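Ligands are counted one by one from 1 in listed order, and the atoms in each one are counted from 1 as well. None of the values given here were measured: they were computed from a predicted structure.
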Amino acid sequence: MTTATRERDAVQVPMVPNFIGGYASVPESDRSVWIRNPGTGLPIAQLCLSAPADLDVAVRGAVEAQRAWALIAVKDRIQVLFRLKALMEGRLEPLAQVIHEENGKTVAEAKGSILRGIECIEFATSLPQLMVGPALEVSRGVECKMVRYPLGVVAGITPFNFPMMVPLWMAPLAIACGNAFILKPSEQTPLGGVELAKLFAEAGLPAGIFSVVHGDRVIVEAICDHPDIQAVGFVGSTKVARAVHARATAAHKRVRALGGAKNHLIVVPDADPELTVQNIVASVTGCAGQRCMAGSVLLAVGDIEPILDRIKATLAALVPGQDFGPVISSAARDRIAGYNERATANGAKVTVDGRKAKRVGDPAGYYIGASVIEAPHADHEAVCDEIFGPTLTIVRCETLSEALTIENASPYGNAAAVYTTSGLVAQYVSERASAGMVGVNIGVPVPREPFPFGGWNDSTFGGGDLTGEPGIDFWTKMKKITTKWSDEHRSNWMS
Ligand code: NAD
């Protein structure tokens, strides 16, 4: 194993390899970053950032491998996925440990995210049943049928917050459809992708069908520009999603880029207090608030003070390091704390201050407690920005219409939720929320397969969906084949 020496205590840590053509190899590069355990701040690995030439080698191998892979019947291709699923289920504990160490999620959260990724593998194993194309005798003796073909080599670019789950949104389905898949993981959390490459190989996937090329913006741009990559799935912040969509589209690729979020939770006076409090607290603090589905702004309609008091008390009692993990980096922790620092000057009140939370764990870890910022108006930065930490911003509204106006005005549109015991209110909000995923009494309304995952507005760029049944359309192209066999063709217009 190639290793590097950690600066603080001269401990040897592994170098993170790329996986290209079935081989693990550390790219030669004078640009590298430390991968730190957010719970301790200590480096656990070193990552050399690949160059476009490394991507080029991966793509060439993938083009070659994909030609043979596409000739294998889908029923046989998915056998690899059955083995992958069994391997991952058998190794849930050690895999969760890897995600816990590189990302900071609790082990329970890491396991949950891997299980969710396994659901995507399960879905892809149903492809033989799902990709049956239509056929029709369009004229006497003339048949038309639609047949799906893989695109060729496709790529996935993924964020730090779900190092294994987000790659699994894309890779199993794309691969089962007959493509070769190149993963560019986040350079902050590259180890989940490395584990996936090892698992795919052990499951019997031919070399070159799943490759990992680590890197930063340089590799992302090289992916967007590469003439032999046919489609790009991106998941990350809105700024980068927009740029990736524009660049890859200009290179005539199929692109679906999922971006950032600012999710609104609308609470009305008839909401069930127990359910609402527990659910909102979990939505805000799960994975330390670093989820694109996390509840972020609570729109309090009318007098719901008893519910707000209970939410604040519950959040104030949570212990970072015990109830949820650290955030990804010291920069992220300082950015989150910055909203509390500036709140008073901006006319807001910090009624739960995560900077002062009692915490457990290594003092050098990137922990910050849950916060509540009560904003004076809907234009406040804590209402508008994606904070991406365990912070809940509260805005008081007199009416449901006012709450919906605020929700609708957000440039994002990933998720929204309403807490109510009224079917009428639930339907009213579901119909009017400007978000691609809506929850009724659910603060993290993640659609599960066969439904696709994805938001609206600045939370998504490009057409199609990466996951679920519509994901099959994204990762394939259709051929329309018209055939005339019978003698009867002599009598119709096609002859
Ligand atoms: P990010 O946008 O910084 O990084 C995502 C990927 O883009 C990484 O692989 C990174 O290497 C690359 N990248 C970063 N800067 C780049 C640049 N300037 N040019 C080209 N590539 C670049 O996102 P992140 O911080 O890793 O993840 C958190 C963000 O992802 C949040 O905004 C969150 O809401 C979003 N997210 C969205 C979804 C969704 O489904 N909509 C899911 C998970 C995370």
Testing [options] one by one against [X] for a side-chain contact (heavy atoms from CB on, under 4.5 Å), which residue passes?
| X | options | value |
| --- | --- | --- |
| L95 | M88, K111, E89 | M88 |
| Y419 | V440, L265, I442 | L265 |
| V213 | S50, P27, P185 | S50 |

With atoms numbered from 1 as shown, which atoms in ligand 1 lie under 4.0 angstrom from a non-hydrogen atom of [X]?
| X | result |
| --- | --- |
| G260 | 32 (O), 34 (O) |
| I157 | 6 (C), 9 (O) |
| V235 | 5 (C), 37 (C), 38 (C), 39 (C), 40 (O), 42 (C), 43 (C) |
| L258 | 39 (C), 40 (O), 41 (N) |
| S186 | 9 (O) |

Residue-level breakdown please: for [X] versus ligand 1, do any non-hydrogen atoms fall below 4.0 Å on the side chain, on the backbone, on both, or on neither?
| X | result |
| --- | --- |
| T158 | backbone |
| F162 | neither |
| E386 | side chain |
| Y412 | neither |

query = Got a salt bridge between E374 and K312, using NZ or NE/NH1/NH2 to carboxylate O under 4.0 Å?
reply = yes
ask   = Any protein heavy atom lying closer than 4.0 Å to atom 21 (N) of ligand 1?
value =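 It does; a protein heavy atom is within 4.0 Å.
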ask   = Would you find more than 12 non-hydrogen atoms of other residues, nucleotides or ligands less than 6.0 Å from Q97 atom CD?
value = yes
ask   = Quick check: are there more than 12 heavy atoms from other residues, nucleotides or ligands sitting under 6.0 Å from CD of E431?
value =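 Correct, the count exceeds 12.
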Protein contact to [atom] [nearest heavy atom, distance to 0.1 Å]:
| atom | answer |
| --- | --- |
| atom 37 (C) of ligand 1 | G259 O, 3.1 Å |
| atom 27 (O) of ligand 1 | P159 CB, 3.2 Å |
| atom 2 (O) of ligand 1 | S237 OG, 2.6 Å |
| atom 39 (C) of ligand 1 | C292 SG, 3.3 Å |
| atom 19 (N) of ligand 1 | R217 CG, 3.3 Å |
| atom 10 (C) of ligand 1 | E187 OE1, 3.4 Å |
| atom 26 (O) of ligand 1 | F160 N, 3.0 Å |

inquiry  = Using the rule given for side-chain contact (heavy atoms from CB on, under 4.5 Å), can you reason through R448 versus F453, listing the C-alpha separation, both sets of side-chain angles and the distance that settles it, and then say yes or no?
reply    = CA-CA 8 Å; R448 313 280 269 265; F453 183 97; over 6 Å; no
query = Could an N or O of ligand 1 be found under 3.5 Å from any N or O of E221, whether backbone or side chain?
reply = no
message = Under 3.5 Å between any N/O of V220 and any N/O of ligand 1: does that happen in this structure?
response =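 No; the residue has no nitrogen or oxygen that sits under 3.5 Å from a nitrogen or oxygen of the ligand.
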query = Are side-chain N/O atoms of K262 and S296 paired as donor and acceptor at under 3.5 Å?
reply = yes
ask   = Does the side chain of N340 pick up a donor-acceptor pair with the side chain of D353 at under 3.5 Å?
value = yes
Just to be sure I'm reading this right: ignoring hydrogens, which of [options] gets closest to [atom]? Compare them by their nearest heavy atoms.
| atom | options | answer |
| --- | --- | --- |
| atom 35 (C) of ligand 1 | G236, S459, G193 | G236 |
| atom 15 (N) of ligand 1 | N161, V244, V240 | V240 |
| atom 7 (O) of ligand 1 | W169, F234, F388, F453 | F234 |

task = Go through R148 and K477 one step at a time and tell me if the side-chain contact (heavy atoms from CB on, under 4.5 Å) criterion holds.
result = CA-CA 6 Å; R148 286 185 189 275; K477 58 189 174 191; over 6 Å; no
inquiry  = With heavy-atom distances below 4.5 Å as the criterion, would you say the side chains of W69 and L205 are in contact?
reply    = yes
ask   = In terms of ring plane angle, is the pair F181 and F210 parallel, tilted or perpendicular, where the classes change at 30° and 60°?
value = parallel
key: Contact with ligand 1 for A243, non-hydrogen, under 4.0 angstrom   = no
key: Ring-face cation contact, F162 with K105, 6.0 Å cut, 45° max   =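 Because its charged atom sits under 6.0 Å from the ring centre and within 45° of the axis, K105 does stack over F162.
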inquiry  = Could you tell me if R342 sits above the aromatic ring of Y339, with its cationic atom closer than 6.0 Å to the ring centre and no more than 45 degrees from the axis?
reply    =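 Geometry flag: set, cation within 6.0 Å and 45°.
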